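Scroll down for the structure; my scribbles are underneath it.
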Amino acid sequence: MAAPYHHREIEEKWRGIWKERPVNVYDEKKPKYYCLDMFPYPSGNGLHVGHWRGYVLSDVWSRYMMLKGYYLIHPMGWDAFGLPAENYAISMGVHPAKCTEENISNFKKQINEISAIYDWDMEVNTTEPKFYKWTQWIFVKMFKAGLAYEKEMPINWCPSCKTGLANEEVVDGKCERCSNEVTKKNLKQWMLKITNYGDRLLEDLDKLDWPEKVKKMQREWIGKSYGAQVDFQVDGRKEKIAVYTTRPDTLYGATFMVLAPEHELAEKLSVPETKEAVERYIYEASMKSNVDRLQDKEKTGVFTGSYAVNPINGEKLPIWLSDYVLADYGTGAIMCVPAHDGRDFEFARKFNIPIVQVIAKDGKETEHMTEAYTELKGVMIHSGDWNGMECSALKKEAPEIIEKMGIGKKTTNYKLRDWVFSRQRYWGEPIPIIHCPHCGCVPVPEEELPLLLPEVESYEPTGTGESPLAAIEDWVNVLCPSCGSPAKRETNTMPQWAGSSWYFLRYVDCHNKEQLINKDKAKKLLPVDMYIGGVEHAVLHLLYARFYTKFLYDIEVIDFEEPFVKLFNQGMITGKNGVKMSKSKGNVVSPDELVKEYGCDSLRLYEMFVGPPELDSEWDDRGIEGVYRFLNRFWNMVLEQKDKEVKETEELIRLRHKMIYDITTRLENFSLNTVVSGFMEYNNKMVDLAKKEGVDKKTLETAVLLIAPFAPHLSEELWRHLGHETSVFQNKWPQYDEDSMKDAQVEIAVQMNGRTKVIIKVERDVSKEDAILAGKKSLGDKLKGTIIKEIYVPGKIVNFVIR
RNA sequence: GCCGGCGUGGCGGAAUAGGCAGACGCAAUGGACUUAAAAUCCAUCGGGAGUUAAAUCCCGUACCGGUUCAAGUCCGGUCGCCGGCACCA
């Protein structure tokens with residue numbers, strides 16, 4: 001009787017051995033493969049089985065790539081600055097630095113339970129000065145390049161977190177972190193000109209091997225549109241109103257204009273009779289929150305009393321104010337063509353404004369319009385020189401025609417806005433800027449970086465729009481590095497996303513004191529080949545990181561423009577009925593007990609077996625029993641067979657090659673759940689064979705090698721039992737041979753009218769005639785009636801079509 | 001409202017390129033071993049008809065229709081669930 005499978009002993013033993021003799025060491029001769037996990041924010045709650053899934057996934061892939069002959073880069077670090085860490089610290093009444101440190105050590109301990117092949121020499125922590133020195137350095141470089149600028153404007157403000165937020169952090173009008181309603185606050189802010197990179201961020205998406213879903217989200221977020229800017233003269237005054245439109249082809253159909261209530265001309269355009277109503281409307285609009293504004297279904301508005309002149313036909317258009325026009329998109333003013341825009345139609349209906357059709361749907365004007373016609377199919381009418389033109393053709397040319405006529409110009413527009421980069425909070429990188437009354441904003445000299453985050457008595461947010469740092473007078477008051485006169489430090493800190501926008505670069509050279517990264521190392525070890533994480537960062541972290549990478553490329557720190565060649569979004573592990581695991585729901589499953597009971601290898605295997613990696617999966621503790629039983633059976637089978645000196649038969653050779661083929665193709669397709677079921681299938685077959693003539697050593701070795709990325713401890717142990725002194729990971733991934741895979745005979749289904757009647761065995765390369773003959777013979781008497789067609793699909797089916 | 005994705009046994013899920021639907025596992029049921037239980041092993045496991053038992057036949061991948069010798073897979077329509085975007089002119 002072979003030794004039973006004692007997972008605890010085995011796993012402990014191999015963790016020790018790997019620590020002493022790492023299996024992944026740098027080798028110049030090997031090509032590199034950089035497989036990266038989205039680094040975690042080390043929360044106080046620790047890991048649950050959902051965290052495991054992503055980390056096991058990346059580890060399986062990493063070990064597989066290692067076995068394929070790559071030098072593997074697989075680091076781990078901590079995204080520890082930012083609101084969650086700080087809010088947690090405040091709620092616990094400890095300093096964020098202290099609980100961050102504790103959380104990291106706890107997280108690290110728990111992550112080590114996974115036995116992932118992380119290279120801890122590369123560990124980074126965004127809150128360490130030696131790391132954030134370079135986060136600040138990048139900011140200074142951006143400032144010098146004109147990409148970081150100060151601006152006072154109404155920004156998104158979370159009254160609960162007491163800080164300003166970026167657009168990307170506002171979801172459905174609510175704070176991404178705490179779900180409180182976001183309000184507006186006028187604040188002087190640091191901004192990053194991510195909009196300068198809009199086109200590159202958009203175009204380079206085409207080069208990326210990323211899920212289409214994420215690329216689409218980024219495209220929509222950047223929101224590039226093509227159209228024209230047209231100037232409308234205000235009747236009887238000197239002011240002009242510029243509008244942006246994507247439909248200059250409908251210019252003849254404009255019957256009114258609408259300005260956002262915040263538009264600079266909004267108040268000025270009122271006349272004595274409308275003054276009061278206009279002022280009231282502007283005031284009411286300013287009191288509405290984002291959520292109110294989004295939820296108002298019914299359109300509201302007020303007539304200013306002024307008119308604008310349509311430059312193409314001289315028509316006078318009444319100018320209205322309405323909050324359905326956004327102040328910060330385009331020019332904050334629009335021309336309205338109710339016949340061909342749903343929103344304008346609704347507004348015109350409500351306020352009895354004329355509707356003029358300029359596109360004839362079926363060549364004729366529609367008698368009674370009940371809704372706007374927004375399609376491009378049709379012919380232009382009531383459109384002067386454009387009459388009779390195809391709408392779709394005109395739309396393409398209209399911006400240029402208008403430019404030639406001198407009434408507007410061709411323009412593009414983006415939904416993407418500059419990045420609000422200041423946070424009025426303590427736990428972040430101090431923005432390295434000094435405000436000098438003479439020199440303006442002066443960056444902290446690069447040699448003085450890092451600018452350390454000072455100790456502070458009260459790090460709670462003030463809520464006034466000032467950071468807690470503003471209270472530390474001897475820190476705030478400095479001399480201007482440029483002219484030497486008394487000056488003040490910037491007291492805002494950077495957002496949570498600052499460190500994570502570039503951390504993946506630092507891993508490969510994290511001890512470098514002189515540079516962000518050594519050029520040579522960057523060239524050899526970057527970029528990231530595979531990035532694994534949840535989909536929730538689609539327009540936050542992943543967009544910011546691309547922006548930072550492009551900037552660092554532009555200032556020649558690195559020589560590539562895209563940080564993540566391939567992206568994989570793993571699905572979430574949920575509790576029963578698809579409910580997200582959370583402490584408050586009480587449905588969090590901890591891996592600790594499962595590891596103790598079944599072992600790390602079993603849990604790793606089950607995490608992969610639970611469902612397709614890209615989809616959400618419900619957790620069910622009972623399922624782990626199944627993989628545990630399988631590992632036991634596999635273990636027993638190998639140990640029973642290993643010394644039997646079974647001769648390799650054709651059947652065993654076939655089994656071995658088929659097994660390599662199946663496991664490898666499923667792995668390459670990232671179908672890890674079916675890889676695990678594949679192991680089970682082949683193990684069942686081997687167990688059957690073991691009862692008969694036995695399983696040869698080469699097949700056993702192959703199976704042990706194939707399972708190594710999934711169950712590394714068990715695999716190493718069995719490899720030893722099979723008589724090897726070196727690690728199983730010193731091997732090359734096994735190769736299959738197509739011919740050796742194939743059976744001399746194949747099973748084919750014999751069908752009548754597409755229904756299977758019998759399964760027969762025929763020679764693999766049987767001719768069509770012989771296959772059909774064999775089929776007929778097997779059916780015998782059952783084959784009645786007239787055969788009108790005989791179909792043979794080699795190796796699969798013979799079908800007789802009968803009438 | 002617009003754009004994606006999905007819908008398969010009691011459950012999680014399989015099914016390369018249109019070719020034997022339900023692999024693999026969980027749960028369940030029966031049996032072997034055991035004083036007993038656990039563990040392990042063996043068997044059954046979509047529904048219906050049929051039969052002592054089987055053979056065999058019919059139905060079945062959300063629903064309706066189509067293409068095809070053959071449809072979970074392709075096409076048209078309907079319903080449901082999930083996700084993203086949402087006054088972006």
Side-chain angles (χ1 to χ4, degrees), chain A residues 4 171-172 211-214 216-217 219-221 223-225 227 243-248 250 257-258 260 293-297 299 322-326 328-337 340-344 346-347 374 413-417 535 538-539 578 605-606 609-612 614-630 632-633 636 661-662 665-666 669 671 673-684 687 747-759 782 787-803:
Chain A
V171 180
D172 290 332
E212 278 309 314
K213 185 182 167 182
V214 176
K216 190 169 162 270
M217 280 166 78
R219 279 191 197 104
E220 278 175 5
W221 189 260
K224 187 176 187 175
S225 68
V243 305
Y244 171 71
T245 177
T246 56
R247 296 296 304 277
T250 63
M257 292 183 77
V258 175
R293 207 163 151 160
L294 285 172
Q295 276 170 354
D296 279 348
K297 290 268 152 42
K299 297 239 176 320
S322 176
D323 64 5
Y324 83 88
V325 174
L326 305 174
D328 59 354
Y329 180 78
T331 61
I334 61 169
M335 67 171 210
C336 299
V337 184
H340 305 293
D341 180 281
R343 297 149 299 183
D344 297 348
E346 198 189 317
F347 194 86
T374 55
N413 238 311
Y414 299 86
K415 290 191 204 173
L416 183 71
R417 306 293 147 80
V535 73
V539 287
L605 225 58
Y606 184 56
F609 188 57
V610 72
E614 69 279 8
L615 301 181
D616 290 355
S617 294
E618 275 181 32
W619 188 260
D620 182 356
D621 269 350
R622 286 177 300 187
I624 196 174
E625 291 264 2
V627 293
Y628 180 68
R629 282 179 202 143
F630 152 68
N632 272 287
R633 279 197 290 263
N636 292 334
Y661 171 83
D662 271 341
T665 49
R666 290 174 193 189
N669 292 333
S671 177
N673 53 325
T674 62
V675 173
V676 177
S677 66
F679 288 140
M680 292 170 172
E681 274 173 71
Y682 281 100
N683 187 51
N684 289 346
V687 168
E747 287 191 338
I748 60 170
V750 182
Q751 300 182 330
M752 280 163 65
N753 290 338
R755 284 171 188 281
T756 302
K757 297 294 169 188
V758 219
I759 307 285
K782 277 186 250 173
I787 299 173
I788 54 172
K789 207 169 176 183
E790 293 166 338
I791 290 148
Y792 174 55
V793 183
K796 288 192 171 138
I797 267 172
V798 173
N799 187 17
F800 299 103
V801 186
I802 294 161
R803 211 176 14 222

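Below, chain A is the first sequence line, B the second, and so on; all start at residue 1. Because the structure is predicted, anything quoted here is derived from the model rather than measured.
The backbone N or O of A:Ile802 sits less than 3.5 Å from a side-chain atom of A:Asn753, completing a donor-acceptor pair.
Using atom P as the reference point in both B:G13 and B:G4, the two lie 24 Å apart (nearest Å). Taking atom P in both B:A38 and B:G46, one finds a spacing of 25 Å when rounded to whole Å. Comparing the P positions of B:C45 and B:A55 gives a spacing of 11 Å, expressed to the nearest Å. For the P atoms, the distance linking B:C26 with B:C6 amounts to 28 Å, nearest Å. Look at the P atom in both B:G22 and B:U16: the space between them is 13 Å, to the nearest Å. To the nearest whole angstrom, the two C1' atoms, one in B:G72 and one in B:C20, are 14 Å apart. The separation of B:C58 from B:A71, taken at their P atoms, amounts to 14 Å, rounded to a whole angstrom. To the nearest whole angstrom, the two C1' atoms, one in B:A86 and one in B:G18, are 39 Å apart.
OP1 or OP2 of B:A14 sits under 4.0 Å from a side-chain N or O of A:Asn673. Within the 4.0 Å cut-off from OP1 or OP2 of B:A89, at least one side-chain nitrogen or oxygen of A:Tyr329 is found. Here A:Lys757 reaches the OP1 or OP2 of B:C57: one of its side-chain N or O atoms lies under 4.0 Å away. Between A:Lys796 and B:G19 there is no side-chain N or O to OP1 or OP2 distance below 4.0 Å.
For A:Pro612, whose side chain is taken as the heavy atoms from C-beta onward, the closest listed nucleotide among B:C87, B:C20, B:A14 is B:A14.
Rounded to whole Å, the distance from CD on A:Glu747 to P on B:G19 is 18 Å. Nucleotide B:C69 holds its C1' atom 9 Å from the CD atom of A:Gln751, rounded to whole Å. Between A:Asn799 atom CG and B:G18 atom P there is a gap of 18 Å when expressed in whole angstrom units. One interatomic measurement links the two molecules: CH2 of A:Trp619 to P of B:G13, which rounds to 13 Å at whole-angstrom precision. Rounded to an integer number of Å, the gap from CG of A:Asn413 to P of B:C87 is 16 Å. Between A:Ile334 atom CD1 and B:C87 atom P there is a gap of 13 Å when expressed in whole angstrom units. We find that CD of A:Glu614 is positioned 15 Å from C1' of B:C82, with the value rounded to whole Å. Following rounding to the nearest Å, A:Met217 (CE) and B:A86 (C1') show an atom-to-atom distance of 13 Å.
Residues A:His340 and A:Thr374 have side chains not in contact (no heavy-atom distance under 4.5 Å, counting atoms from C-beta outward). Contact of the A:Met335 side chain with the A:Thr250 side chain is registered, since non-hydrogen atoms from C-beta on lie closer than 4.5 Å. Between A:Asp341 and A:Arg247 there is no side-chain heavy-atom pair separated by less than 4.5 Å. Using a 4.5 Å heavy-atom cutoff, the side chains of A:Asp621 and A:Tyr606 are not in contact. Using a 4.5 Å cut-off on side-chain heavy atoms (C-beta onward), A:Asp344 and A:Ile334 make contact.
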Which pairs, protein N/O on one side and nucleotides 24-28 of chain B N/O on the other, fall under 3.5 Å?
{"residue": "B:G25", "atom": "OP1", "partner": "A:Asn684", "partner atom": "ND2", "Å": "3.4"}
{"residue": "B:C26", "atom": "OP1", "partner": "A:Arg629", "partner atom": "NH1", "Å": "2.4"}

Short N/O separations, protein against nucleotides 3-5 of chain B, under 3.5 angstrom:
{"residue": "B:C3", "atom": "O2'", "partner": "A:Lys216", "partner atom": "NZ", "Å": "3.0"}

Residue pair A:Val627, A:Ile624: steps toward the side chain to side chain contact (heavy atoms under 4.5 Å, CB included) verdict: CA-CA 5 Å; A:Val627 293; A:Ile624 196 174; 4.0 Å; yes
Using side chain to side chain contact (heavy atoms under 4.5 Å, CB included), reason through A:Tyr324 and A:Glu346 one step at a time and then give a plain yes or no. CA-CA 11 Å; A:Tyr324 83 88; A:Glu346 198 189 317; over 6 Å; no
Using the side chain to side chain contact (heavy atoms under 4.5 Å, CB included) rule, take A:Arg219 and A:Glu212 through it: C-alpha gap first, then chi angles, then the decisive distance, then the call. CA-CA 10 Å; A:Arg219 279 191 197 104; A:Glu212 278 309 314; 4.1 Å; yes
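Counting any heavy atom pair closer than 4.0 Å across all strands shown, A:Val243 reaches no nucleic acid atom. At the heavy-atom level, A:Ser225 lies under 4.0 Å from the strands shown only through sugar-phosphate atoms. No contact: A:Asp344 has no heavy atom under 4.0 Å from any strand.
Under 4.0 Å is where a charged nitrogen must lie from a carboxylate oxygen, and between A:Asp328 and A:Arg417 at least one such pair does.
Across the interface with RNA chain B, nearest-nucleotide mapping of A:Gly223 and A:Val793 shows A:Val793 to be the residue nearer the 5′ end. Comparing A:Ser671 and A:Glu618 along RNA chain B, the residue whose closest nucleotide (by nearest heavy atom) sits nearer the 5' end is A:Glu618.
Taking 3.5 Å as the limit, the base of B:C87 and the side chain of A:Lys299 contain a donor-acceptor pair of atoms between them.
Once rounded to the nearest 0.5 Å, the distance linking OG1 of A:Thr756 with CG of A:Asn799 reads 8.5 Å.
Classification of B:G46 as anti follows from a glycosidic angle more than 90° from 0.
A:Gly227 approaches A:Tyr244 most closely through the heavy-atom pair N-OH, 3.5 Å. Pairing each heavy atom of A:Gly678 with each of A:Arg666, the nearest pair is CA-NH1, 3.4 Å.
In this structure, A:Lys299 is not positioned above the aromatic face of A:Phe347 in the sense of NZ or CZ being under 6.0 Å from the six-membered ring centre and within 45° of the axis.
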Nucleotide pairing, RNA chain B (Watson-Crick or G-U, distances under 3.5 Å), in dot-bracket with [ ] and |: (((((((..(((......[....))).(((((.......))))).((((......))))..(((((..]....))))))))))))....
